[in-house]
Amino acid sequence: MRREKHHNTTVGGCGFHHVAIRTEDWARSLEFWQAGMGFELAIQWGEAPRRACMLDTGDGNYLEIFERDPIPGGVPSEAAILHICLRTDDCDAAAERARAAGAQITVEPKTIAVFGEPKIPVRLAFFKGPDGEICELFQNEVL
């Protein structure tokens with residue numbers, strides 16, 4: 001059964017923007033996500049061993065991949081999933097909404113330039129959800 005498309009009227013423009021992951025093997029991950037899954041490189045920045053990129057999944061959402069530092073003993077000290085990112089038309093209002101709902105704001109809304117050259121201006125904020133999950137709020141016109 002198909003349901004009607006939901007439009008969030010609480011957080012304007014809301015939807016997933018990206019999920020960010022860490023990889024131990026840059027080439028393997030890019031091969032899997034690009035050749036295997038059909039994602040396309042949208043933007044890449046940094047140099048080994050700290051490269052990162054955004055891969056377009058094909059529906060306006062992205063997979064952000066960060067190269068993980070070499071792991072001593074082969075045991076990751078951090079989870080593979082870094083954070084989830086929600087797009088919004090108003091980062092400040094969305095952060096206040098999260099705060100009012102009980103979230104701990106870990107990065108207050110700010111405007112920065114990100115992602116390689118040329119830099120892309122974005123407004124973003126981070127918060128912790130009720131189970132400690134890291135969430136990013138992302139407002140921009142390009143990605």
Side-chain angles (χ1 to χ4, degrees), residues 1-71 74-99 101-143:
M1 176 169 102
R2 278 198 109 128
R3 37 178 298 235
E4 287 187 40
K5 192 173 185 178
H6 168 71
H7 294 283
N8 187 335
T9 57
T10 303
V11 178
C14 193
F16 281 101
H17 184 273
H18 67 266
V19 173
I21 64 171
R22 290 182 180 94
T23 181
E24 295 177 41
D25 186 326
W26 182 257
R28 179 192 67 202
S29 289
L30 289 185
E31 175 70 17
F32 175 82
W33 292 111
Q34 290 180 291
M37 300 301 292
F39 295 4
E40 290 186 2
L41 182 66
I43 192 162
Q44 184 171 333
W45 64 98
E47 302 291 329
R50 297 203 180 267
R51 293 173 281 194
C53 69
M54 285 275 203
L55 299 177
D56 187 333
T57 66
D59 64 355
N61 298 304
Y62 298 89
L63 177 67
E64 185 175 32
I65 302 175
F66 289 94
E67 191 171 22
R68 184 194 303 257
D69 287 335
I71 302 170
V75 179
S77 62
E78 303 166 315
I81 296 179
L82 289 165
H83 63 265
I84 61 170
C85 179
L86 303 173
R87 71 177 77 243
T88 178
D89 292 338
D90 187 338
C91 183
D92 296 69
E96 285 311 310
R97 183 75 186 187
R99 187 187 325 269
Q104 175 191 354
I105 305 297
T106 56
V107 175
E108 292 291 337
K110 63 182 178 178
T111 300
I112 63 172
V114 296
F115 308 134
E117 295 301 329
K119 298 285 188 196
I120 299 170
V122 301
R123 185 112 178 119
L124 57 77
F126 283 85
F127 66 89
K128 284 187 181 178
D131 291 299
E133 64 275 18
I134 304 300
C135 300
E136 178 181 5
L137 297 168
F138 192 89
Q139 176 185 346
N140 88 326
E141 304 296 320
V142 178
L143 281 176

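Here the structure is a predicted model, which is why all the values come from computation and not from measurement. In what follows, residues are counted from 1 in the order of the sequence shown. Both backbone and side-chain heavy atoms feed into the values below; hydrogens, waters and symmetry mates do not.
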Nearest 0.5 Å, what's the OH-CD1 distance between Tyr62 and Ile43? 9.5 Å
Between atom CG of Leu124 and atom OG1 of Thr111, what is the distance when rounded to the nearest 0.5 Å? 8.0 Å
Under the criterion side chain to side chain contact (heavy atoms under 4.5 Å, CB included), I'd like the reasoning laid out for His17 against Leu86: C-alpha separation, chi angles, the key distance, then a yes or no. CA-CA 5 Å; His17 184 273; Leu86 303 173; over 6 Å; no
Taking it one step at a time, do Val19 and His83 satisfy side chain to side chain contact (heavy atoms under 4.5 Å, CB included)? CA-CA 6 Å; Val19 173; His83 63 265; over 6 Å; no
Which atom pair, heavy atoms only, marks the closest approach of Leu63 to Thr57? N-CG2, 4.0 Å
Note: Ile65 and Thr23 closest approach over all heavy atoms is CG2-CG2, 3.5 Å
Sequence neighbours excluded, which residues qualify as side-chain contact (heavy atoms from CB on, under 4.5 Å) partners of Ala95? Ile105, Pro109, Ala125, Leu137
Side-chain heavy atoms of Leu30 within contact of Cys53, under 4.5 Å: yes
To the closest 0.5 Å, what do you measure between CD1 (Ile21) and CG (Leu55)? 8.5 Å
Heavy-atom count around Gln34 CD within 6.0 Å, excluding the residue itself: above 12? yes
Locate the shortest heavy-atom distance separating Val11 from Asn8; write the atom from each residue and the value. N-OD1, 2.9 Å
Verify salt bridge (Lys or Arg N to Asp or Glu O under 4.0 Å) between Arg99 and Glu96, making sure each step is shown before the conclusion. CA-CA 5 Å; Arg99 187 187 325 269; Glu96 285 311 310; 3.0 Å; yes
Nearest-0.5 Å distance that lies between atom CZ in Arg50 and atom CH2 in Trp26: 13.0 Å
Can you confirm whether Met54 sits close enough to Trp45 that some side-chain heavy atom of one is under 4.5 Å from a side-chain heavy atom of the other? yes
Heavy-atom closest contact (Cys85 atom, Phe138 atom, distance): SG-CB, 3.3 Å
Can you establish whether the number of heavy atoms outside Lys119 located under 6.0 Å from its atom NZ is more than 12? yes
With sequence neighbours left out, write down each residue that passes salt bridge (Lys or Arg N to Asp or Glu O under 4.0 Å) with Glu64, or none if nothing qualifies. none
So Glu133 and Lys128, do their side chains get closer than 4.5 Å, heavy atoms only? no
Look at the rings of Trp33 and Phe39 and say which category their plane angle falls in: under 30° parallel, 30 to 60° tilted, over 60° perpendicular. parallel
Under a 4.0 Å threshold between the charged nitrogen and the carboxylate oxygen, would Asp92 count as salt-bridged to Arg123? yes
Answer yes or no: does atom CZ of Phe16 have more than 12 heavy-atom neighbours from other residues, nucleotides or ligands under 6.0 Å? no
Between atom CD1 of Ile134 and atom CD of Gln104, what is the distance when rounded to the nearest 0.5 Å? 8.0 Å
What's the shortest heavy-atom distance between Asn140 and Val122, and which atoms? CB-CG1, 3.6 Å
Straight-line distance of Thr106 OG1 to Glu136 CD, nearest 0.5 Å: 10.0 Å
Would you name the heavy atoms of Thr88 and Gly12 that are closest together and state the gap between them? OG1-O, 3.3 Å
What I want to find out is whether Glu67 reaches Arg51 closely enough, with some N-O distance under 4.0 Å, to be called a salt bridge. yes
